[in-house]
Protein chains: 2
Amino acid sequence: MIGRRKIRLYVTVGQRMLRDSLLFQLLLNDEVELVGESETGVDTLNRLGAARPGVLLIEENLQDNDGLTIAESALSLHPSLSVLLISDTPVSTGRLAIYLEAGIKAVVSKHQPVQELMKTLLYIRNGQVYVSARHNAAERMPTALNAYRALSRREQEVALLMASRVPVRDIAEQLGVSCKTVHSYKDRIFVKLGFERLPELILFMHRHQHGATS
Amino acid sequence: MIGRRKIRLYVTVGQRMLRDSLLFQLLLNDEVELVGESETGVDTLNRLGAARPGVLLIEENLQDNDGLTIAESALSLHPSLSVLLISDTPVSTGRLAIYLEAGIKAVVSKHQPVQELMKTLLYIRNGQVYVSARHNAAERMPTALNAYRALSRREQEVALLMASRVPVRDIAEQLGVSCKTVHSYKDRIFVKLGFERLPELILFMHRHQHGATS
DNA sequence: AATACTTTGTAGGAAATTCCTACACGAAAA
DNA sequence: TTTTCGTGTAGGAATTTCCTACAAAGTATT
């Protein structure tokens with residue numbers, strides 16, 4: 001029972017660079033339909049009516065107002081709207097409670113990976129509330145490392161090579177298997193890690209190898 | 001004479017969400033090789049030596065220090081490094097002068113589109129300084145509108161349909177031409193507008209049609 | 001006006017990619 | 001010991017990407 005109809009998305013993010021890059025990311029999913037965007041809170045309120053979004057993705061701190069206030073106004077006008085707030089800092093449980101109280105469906109912080117946004121979007125699309133797993137730092141690293149462990153020997157080999165941008169053709173040759181096989185591994189890797197595009201794998205492998213920044 | 005060897009890139013951006021989405025964007029270009037990333041200035045200075053990047057992409061405001069300071073330290077240790085600063089606000093000419101004085105190769109503000117980043121990166125890769133065209137707001141909108149006008153009739157039709165996620169197959173049928181032809185239009189559209197992926201076109205068309213935010 | 005260069009509409013070929021499906025074999029679970 | 005699961009391997013179909021082509025219309029140049 002997966003929500004079938006498209007997600008009508010409205011995005012309110014002040015800085016163009018972030019707005020664009022989030023949108024590029026989200027629009028890769030063909031269930032996402034962009035119905036509007038704004039840089040400010042008032043502009044958002046003005047346009048919401050015409051855009052009729054199902055989900056409002058809004059920054060916590062806007063130039064003119066704070067996202068919470070705008071979200072509350074928006075909700076009073078369009079009660080069926082699902083609001084996803086993007087906070088600047090990791091959200092404390094207390095603060096989260098306040099948000100949920102206000103009718104916001106989920107909060108994602110800018111310190112979380114982008115993929116969380118998409119995941120969250122899919123969760124709240126039908127009005128459910130979504131509280132992300134670890135709002136507490138601690139157990140984040142393991143996710144990545146375990147994920148790597150979950151790959152089989154061959155998959156790991158291929159992941160490594162692909163992350164270095166070695167062409168499929170060459171990987172096949174090096175491993176002595178057919179290109180088709182390499183593609184199979186690729187598919188499996190992407191499924192296992194939940195990736196869609198090469199850059200995600202490159203970043204993942206880089207982080208895996210350089211232990212660092214999570 | 002296009003710089004052939006890969007761009008060894010180091011990225012220092014505090015918030016994971018922005019860092020990831022910028023990287024996803026930049027890594028789509030296969031000339032970009034990620035050699036390191038940090039959230040903070042000191043961490044950056046610690047790792048730069050080992051990573052040996054050609055370009056350092058660094059935020060102006062970091063938690064622990066400001067990007068300018070870090071960039072200066074980095075430059076004194078690695079004079080051949082090209083630094084690209086990401087500023088929070090549009091940069092005034094005066095401020096820009098200060099940055100250039102410090103040896104920074106280019107500044108891009110978070111209010112500019114992501115694509116500017118990539119463009120700038122390509123410009124400064126070989127050590128040149130790059131001062132982006134419009135640091136003054138005014139003549140931005142036209143760019144987008146003119147770009148659309150630059151498309152031929154058929155290209156406009158296809159752009160419109162593709163931005164609505166109509167499958168190539170259906171577009172071909174609707175226009176009464178072959179899929180191959182539609183692909184040709186697609187290619188031309190992307191070349192003319194300088195796009196690489198569908199989301200860019202979707203966003204472009206959305207903005208074109210809703211005049212707005214640009 | 002006549003010749004030359006550019007854009008537009010149209011499409012084909014080759015290679016690569018995506019999305020499925022298949023299938024044997026060893027390992028693990030029932 | 002059957003059944004089930006993960007892994008190594010690969011094939012097919014449809015789509016996409018990247019080029020190339022080419023005639024007719026349009027623009028520019030001499």
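Every value quoted in this text rests on a predicted model; they were computed, and no experiment measured them. Below, read A as the first sequence line, B as the second, and so on, with proteins coming before strands; counting in each chain starts at 1.
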Legend entry - Nearest-angstrom distance from the residue atom CD1 of A:Ile171 to P of D:dG8: 15 Å
Inset, instruction - Starting at atom CG of B:Asp187, determine the distance to atom P of D:dT17, rounded to an integer number of angstrom. - result: 8 Å
Legend entry - Protein proximity profile, nucleotides 9-16 of chain D - base contact B, sugar-phosphate-only contact S, no contact -, cut-off 4.0 Å on heavy atoms: BBBBB-SB
Inset, instruction - Return the value, rounded to whole Å, for the distance between atom CZ of A:Arg197 and atom P of C:dT17. - result: 13 Å
Inset, instruction - Measure from NZ or CZ of A:Lys186 to the centre of the six-membered ring of A:Phe190, then state whether that distance is under 6.0 Å and the direction lies within 45° of the axis. - result: yes
Inset, instruction - Can you label the angle between the A:Tyr130 ring and the A:Tyr123 ring as parallel, tilted or perpendicular, going by 30° and 60°? - result: parallel
Inset, instruction - Check the distance between D:dT17's P and B:Ile189's CD1 and give it to me in whole angstrom. - result: 12 Å
Inset, instruction - Write down the distance between CG (A:Leu151) and P (D:dG6), rounded to a whole number of angstrom. - result: 14 Å
Legend entry - Over 12 foreign heavy atoms within 6.0 Å of CD, A:Gln63: yes
Inset, instruction - Flag yes if more than 12 heavy atoms outside A:Arg169 fall under 6.0 Å of its CZ atom; otherwise flag no. - result: no
Inset, instruction - For A:Arg165 and C:dA16, give me the distance from atom CZ to atom P, rounded to whole Å. - result: 17 Å
Legend entry - Axial bend angle, the helix from C:dA1-D:dT30 to C:dA30-D:dT1: five-pair end segments, nearest 10°: 30°
Inset, instruction - Write down the distance between CE (A:Met162) and C1' (C:dT17), rounded to a whole number of angstrom. - result: 11 Å
Legend entry - Short N-O contact, A:Glu200 and A:Arg197, less than 4.0 angstrom: no
Legend entry - Test ring-ring contact (aromatic ring centres under 6.0 Å, His included) applied to A:His183 - qualifying residues, sequence neighbours left out: none
Legend entry - Salt-bridge present (A:Glu31, A:Arg5; N to O < 4.0 Å): no
Inset, instruction - Would you please test A:Leu57 and A:Leu26 for side-chain contact (heavy atoms from CB on, under 4.5 Å) and show each step? - result: CA-CA 11 Å; A:Leu57 182 65; A:Leu26 299 176; 3.7 Å; yes
